[in-house]
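Here's the structure, in structure tokens; my notes come after.
Worth knowing before you read on, the calculation uses all heavy atoms, side chains too, and leaves out hydrogens, waters and symmetry mates. For clarity, every value in this text was computed on a predicted model and none was experimentally measured.
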Amino acid sequence: MIEINGVAHVILRANRIRECIAFYDRVMPFLGLKPVEPRSDEFVYYVGGRTAVGIRGADPSEAGGPHRETGPGIDHLCFRARSREDVDAAHEFLVGIGADIVRPPEEGPWAPGYYSLSFRDPEGIRLELNHVPGKGLLAEG
């Protein structure tokens with residue numbers, strides 16, 4: 001058995017690549033992730049906080065279908081905030097840029113002290129930002 005050292009990156013595919021890149025170009029720097037090279041009209045990669053997220057255009061042979069959170073593939077992507085205040089600040093920022101807010105900041109039942117918000121990107125992929133005090137459920141792993 002080995003023990004991994006986190007998730008290196010997640011790459012999301014998008015039909016609405018230009019809208020998604022414009023959206024992520026605003027959201028990722030707010031979360032502390034900066035775009036890095038190589039970058040193109042069909043791909044952008046953001047790095048920060050021991051995390052990397054890439055946005056890539058959907059293959060033309062696969063494009064056209066809407067993202068379905070309950071279908072195969074990604075359900076949602078959750079970023080970990082350092083404090084509840086960061087979650088609240090992100091909510092204010094997201095409302096200010098007109099993001100599609102699924103759920104404003106609130107406590108949830110998933111771990112003691114779990115506090116989060118959810119929103120969607122232009123492709124319809126749900127993103128979450130949460131704060132869990134201490135190690136949360138990771139203390140059990």
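- For the residue pair Arg103/Ser116, the side-chain donor-acceptor check at 3.5 Å is satisfied.
- Taking all atoms of both residues into account, the shortest heavy-atom contact from Ile21 to Asp41 is CD1-O, 3.7 Å.
- For Ile17 against Arg56, the heavy-atom pair with the smallest separation is CD1-C, 3.6 Å.
- For the salt bridge (charged side-chain N to carboxylate O under 4.0 Å, His left out) condition, the pairs that include at least one residue of residues 19-37, sequence neighbours left out, are Asp25-Arg39.
- When the side-chain hydrogen bond (donor to acceptor under 3.5 Å, both in side chains) test is applied to Arg18, no partner is found at least two apart in sequence or on another chain.
- In this structure, Val36 shares a hydrophobic cluster with Ile11, Phe43, Tyr45, Val47, the cluster being traced through Ile, Leu, Val, Met, Phe, Trp and Tyr side chains under 4.5 angstrom apart.
- For the pair Val87/Asn130, no side-chain contact is recorded, criterion being any heavy-atom separation below 4.5 Å from C-beta on.
- In plain terms, the two heavy atoms of Leu129 and Asp86 that are nearest each other are CD2-O, 4.1 Å.
- Across all non-hydrogen atoms, the minimal contact from Ala81 to His131 is O-CD2, 3.4 Å.
- Closest non-hydrogen pair, His67 versus Gly124, comes out as CD2-O, 3.5 Å.
- Taking all atoms of both residues into account, the shortest heavy-atom contact from Pro112 to Val132 is O-CG1, 3.8 Å.
- When the salt bridge (Lys or Arg N to Asp or Glu O under 4.0 Å) test is applied to Glu123, the partners found at least two apart in sequence or on another chain are Arg16.
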Decide side chain to side chain contact (heavy atoms under 4.5 Å, CB included) for Leu77 and Ile125; before the verdict, give the C-alpha distance in whole Å, the side-chain angles of both, and the deciding distance to 0.1 Å. CA-CA 8 Å; Leu77 175 61; Ile125 297 171; 5.6 Å; no
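- The hydrophobic cluster containing Ile101 does not contain Tyr114, counting ILVMFWY residues as joined when their side-chain heavy atoms lie under 4.5 angstrom apart, directly or transitively.
- With contacts defined as side-chain heavy-atom distances shorter than 4.5 Å, the pair Arg84/Glu107 qualifies.
- Hydrophobic clustering keeps Val102 apart from Tyr24 (ILVMFWY residues linked when any side-chain heavy atoms are closer than 4.5 Å, directly or through intermediates).
- Note on Leu117 and Trp110: separate hydrophobic clusters, where clusters join Ile, Leu, Val, Met, Phe, Trp and Tyr whose side-chain heavy atoms are under 4.5 Å apart, directly or indirectly.
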Side-chain donor/acceptor pairs under 3.5 Å, residues 88-95, sequence neighbours excluded:
unit_1	atom_1	unit_2	atom_2	d
Asp88	OD1	Tyr115	OH	2.5

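- Applying the salt bridge (charged side-chain N to carboxylate O under 4.0 Å, His left out) test to every pair with at least one member in residues 113-122, sequence neighbours left out, gives these pairs: Glu69-Arg120.
- Judged by distance alone, the side chain of Ser61 and the main-chain N or O of Asp59 form no donor-acceptor pair under 3.5 Å.
- Side-chain atoms of Leu127 and Phe23, non-hydrogen and from C-beta on, do get closer than 4.5 Å to each other.
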Working note: Ile97 + Val27, criterion side chain to side chain contact (heavy atoms under 4.5 Å, CB included); need CA distance, chi angles, decisive distance, verdict. CA-CA 9 Å; Ile97 66 168; Val27 173; 3.8 Å; yes
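- In this structure, the side chains of Thr51 and Tyr46 stay at 4.5 Å or more apart for every pair of heavy atoms.
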